[in-house]
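Here it is, the structure in full.
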Amino acid sequence: MIKITLPDGSVREYAKGTSSLQIAQSISEGLARNVLAAKVNGATWDATRGIEQDATLQLLTWNDTLGKETMWHSSAHLMAEALEAIYPGIKFWVGPPLENGFYYDVDLNGQTLAHADFEKIEAKMMELARQNNIYIRKEISKADAISYFGDKGDEYKLHLLERLEDGNITLYSQGNFTDLCRGPHIPNTGFIKAAKILNTAGAYWKGDEKNKMLTRVYGITFPKEKDLKEYLTLLEEAKKRDHRKLGKELELFTFSEKVGMGLPLWLPKGAMLRERLIQFMQKAQTAAGYLPVATPHIAQKELYVCSGHYEKYGKDSFQPIKTPQEGEEFFLKPMNCPHHCEIYKSSPKSYKDLPVRYAEFGTVYRYEQHGELHGLTRVRGFTQDDAHLFVRPDQVKEEFCKVIDLVLHVFNALDFKEYTAQISLRDPENKSKYIGSDENWALAEQAIIESAAEKGLKTVVELGEAAFYGPKLDFMVKDALGRKWQLGTIQVDYNLPERFELEYTGSDNQKHRPVMIHRAPFGSLERFIAVLIEHCGGNFPLWLAPDQFAILPISEKYNNYAQNVLNLLGSFGIRGFVDERNEKIGKKIRDNEIKKVPFMLVVGEKEELENKVAVRAHGKGDIGTYTIHDFATYINELIESDFKQKQNQE
RNA sequence: GCCGGAGUAGCUCAGCUGGUAGAGCAGCUGAUUUGUAAUCAGCUGGUCGGGGGUUCGAGUCCCUUCUUCGGCUCCA
């Protein structure tokens, strides 16, 4: 007999070799029907695998991330079986689960897979799923595995096998499909009740662009038909929030083929939004001791030769601007830091002057590859809320903490609750590719880790992800469709102070090298606004909304009164417009609801007589009649209380 | 840059197997003067992304190029 400890701490006895599934059955049939996999002594196992010794056991269902992963991993195998049935001679690479669904990379052997084929694949998957085929685990010798996949002609699997150790190789089979796989898998295909092929995409074999391009087939499955329907509606909803769609509908920005791809054109409403964000940041920065600077959009080649960017990116970027002067070359600035270094150098610095914080909303130009441009999140010309802090090594941590405060201030003010922070450190195995002394790196990495911990950030540490010039802390958020984007960034830099020979005089009257910290809480205005649009679905916080109210006269007779109301409200510092079109009130309301204007002020005979406005809140409907003064106070209080609340949270 | 979709009026889209473009909204004009999510009527909008080809004839078929979408790679 073996002792099985369950999560609630209870211990039960079972015969040796009893599977998790059988244990679940002994608890309740209903539970057994939902068990997808099990965690045995901390390792994820097939629910059908026999347990040979005392163990702690956690049964995994659809409600567990690991349960979902197992389901989707098994679904990838099921899809592979369906694909093999439809596309003879198809070759397989790998098919892992994802956060939402799974994919399989396949070599279609010259055949094509179009959208029109998706249904066929889905139908085949469901046909196979209904056979309730069990997933069979088999341990196999390396030689046998090589001969099996060799006979089948699965060259990619042979590649995988090369890296595996004999005695550690397992195959999983279900129905007519056998795959090289570590597992675990769900008990049988019957758990899969709904399947959807989402899309296909090219993917380089092993992620290397020199290799052959395989077809990556994305899919998702569910244990209930209803779950799939819900998921599909969720996708639809997400599409409605897409910043590219809302940007067009709300007249925030546009692109023009003539101007060039990846070069956003800000429309008046979008530009106003930008300006408001800039003012917001400037206020916060002034309070935090930043000094404004301003620099031109181009600089001589020599500047970037000095910074090292020319050597590293010169050929892959926008090419130099020539002048009538022979040999003279200018570059569009790809970053603001070199300029700020030169500003630092414009006067001698004492240790008492540090930290020096130079801030600039600097527009930069980077030649991003054609295929990677994406709405406002990936563009070729964008404005960073950039600042560079020049600090003494002993100030790194304190300054880092202050920058984190600033980033959190931004996230709070805009209601971003879900984000992750990634700490990128150097690869300890390969220290030689980084610039700067061991001592300084250790200091800076320590400073980042400690300040992130002090600020209570949820962090992921990535070794080897640091830039060659220093470690960094990046804030990531997801867009409407679940794609991850980096917003704010804080980076330590040992490289530029060295290259630009930046110095300060210490208390010992010797020259010392300052440490540079790059930081951009928004990241870039473009990307930030994109993520903000999706985050709030176009319903901006009141203080940011391009128009806070629209005045809707019942008929043209009340246009004059409406104009008076507009002027009066303007004097209270709130903004809006009069919808003077010759349309019925219902139409005006509908249009302004669609444009997501926060408040609509209906004015007609009654209102004019009483000097009032009938207020309608976006998405809520009529909220009563206000005097103009009361309405203005109401709006201003809403904005203020919003900010106060945010500050209290900090 | 790579793989695979897409590109028709300002916007959203229709146009079957090739026979020389169509709707709704927006815009303009007029009527109406309106009370909480679309008033009615008329009109103006398109070298069907660009270029080339096949054909008596191309939005439709072929080639090429640009842009865009989903990924891959990249991301100072």
Side-chain angles (χ1 to χ4, degrees), chain A residues 103 105 107-108 112-116 198-218 239 242 244-245 248-249 251 254-262 304 307-314 316-317 333-338 364-375 377-380 384 386 467-469 472 474 481 483 485-486 489 491 493 495-496 518 520 523 527 552-559 581-595 600-607 614-623:
Chain A
Y103 70 79
D105 277 348
D107 181 346
L108 287 164
T112 55
L113 197 167
H115 257 85
L198 296 169
N199 55 21
T200 59
Y204 298 109
W205 181 44
K206 292 185 176 175
D208 187 335
E209 61 181 322
K210 285 181 208 81
N211 283 339
K212 181 167 182 180
M213 172 93 43
L214 303 176
T215 305
R216 180 166 296 178
V217 187
Y218 287 88
K239 270 189 197 151
D242 193 313
R244 292 166 296 187
K245 182 176 146 68
K248 202 184 275 180
E249 285 171 8
E251 301 167 57
T254 189
F255 288 91
S256 144
E257 276 193 34
K258 233 179 221 136
V259 171
M261 55 170 155
Y304 302 111
S307 71
H309 295 114
Y310 177 76
E311 193 191 352
K312 205 152 190 267
Y313 301 102
D316 299 324
S317 195
K333 78 171 164 187
M335 70 269 302
N336 305 299
C337 356
V364 297
Y365 302 90
R366 300 178 186 178
Y367 188 76
E368 304 292 357
Q369 282 190 67
H370 183 154
E372 64 192 20
L373 298 171
H374 180 93
T377 50
R378 205 68 193 279
V379 289
R380 284 180 169 172
Q384 296 177 306
D386 213 356
F468 73 93
Y469 52 76
K472 57 180 182 172
D474 293 321
L481 295 169
R483 290 171 293 219
W485 295 101
Q486 180 200 314
T489 177
Q491 309 185 1
D493 188 341
N495 180 41
L496 288 181
H518 309 250
R527 183 177 291 175
L552 316 182
I554 293 285
S555 84
E556 286 175 348
K557 282 193 246 167
Y558 311 104
N559 282 357
R581 294 173 304 161
N582 179 8
E583 295 288 353
K584 290 170 87 167
I585 195 68
K587 168 77 164 170
K588 291 186 185 180
I589 286 171
R590 179 184 152 79
D591 288 350
N592 288 292
E593 283 283 347
I594 289 169
K595 294 279 179 200
M600 278 160 271
L601 312 179
V602 177
V603 296
E605 193 181 0
K606 270 185 289 179
E607 288 75 18
V615 182
R616 185 190 159 97
H618 171 74
K620 292 199 189 87
D622 202 337
I623 58 167

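Just so we're on the same page: letters track the sequence lines, and every chain starts at 1.
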For this session: Mind checking side chain to side chain contact (heavy atoms under 4.5 Å, CB included) for A:Lys557 and listing every partner two or more places apart, or none if nothing turns up?
Result: A:Ser555

For this session: With sequence neighbours excluded, tell me which residues meet side-chain hydrogen bond (donor to acceptor under 3.5 Å, both in side chains) with A:Asn592.
Result: A:Asp579

Exercise. Taking only residues two or more places apart in sequence, or in another chain, which ones meet A:Gln491 in a side-chain hydrogen bond (donor to acceptor under 3.5 Å, both in side chains)?
Worked result: A:Tyr469, A:Thr489

Problem set entry | Interatomic distance where NZ belongs to A:Lys239 and P belongs to B:rU68 [whole Å] | 19 Å

For this session: With sequence neighbours left out, write down each residue that passes side chain to side chain contact (heavy atoms under 4.5 Å, CB included) with A:Glu556, or none if nothing qualifies.
Result: A:Asn559, A:Asn582

Would you tabulate the nitrogen or oxygen pairs shorter than 3.5 Å linking the protein to nucleotides 2-4 of chain B?
{"unit_1": "B:rC2", "atom_1": "O4'", "unit_2": "A:Tyr204", "atom_2": "OH", "d": "3.2"}
{"unit_1": "B:rC3", "atom_1": "O2", "unit_2": "A:Gly202", "atom_2": "N", "d": "3.0"}

Problem set entry | ring pair (Phe, Tyr, Trp, His ring centres under 6.0 Å) against A:His374, all qualifying residues, sequence neighbours excluded | A:Trp485

For this session: Under 4.0 Å between any heavy atoms, over every strand shown, what does A:His518 touch: base, sugar-phosphate, or nothing? Just pick one.
Result: nothing

For this session: Would you mind building the protein contact string for nucleotides 34-39 of chain B? One character per nucleotide, 5' to 3', B for base within reach (heavy atoms under 4.0 Å), S for sugar-phosphate only, - for untouched.
Result: BBBBBB

What N/O pairs connect the protein and nucleotides 9-14 of chain B at under 3.5 Å? Give each pair on its own line.
{"unit_1": "B:rU12", "atom_1": "OP1", "unit_2": "A:Lys248", "atom_2": "NZ", "d": "3.3"}

Seminar exercise, completed: Applying side-chain hydrogen bond (donor to acceptor under 3.5 Å, both in side chains) to A:Arg590 and not counting sequence neighbours gives none

Problem set entry | Touch class at under 4.0 angstrom, heavy-atom based, for A:Tyr218 against every strand present | sugar-phosphate

Problem set entry | A:Asp591: partners by side chain to side chain contact (heavy atoms under 4.5 Å, CB included), with sequence neighbours left out | A:Arg581, A:Lys587

Exercise. Going by modelled atom types, is there a donor-acceptor pair between the base of B:rC75 and the side chain of A:Arg378 at under 3.5 Å?
Worked result: yes

Exercise. For nucleotides 40-52 of chain B, read 5' to 3', which letter fits each nucleotide if B means a protein heavy atom sits under 4.0 Å from the base, S means only the sugar-phosphate is that close, and - means neither?
Worked result: -------------

For this session: With sequence neighbours left out, write down each residue that passes side-chain hydrogen bond (donor to acceptor under 3.5 Å, both in side chains) with A:Lys472, or none if nothing qualifies.
Result: none

For this session: Could you state the atom-to-atom distance from NZ of A:Lys245 to C1' of B:rU68 in whole Å?
Result: 16 Å

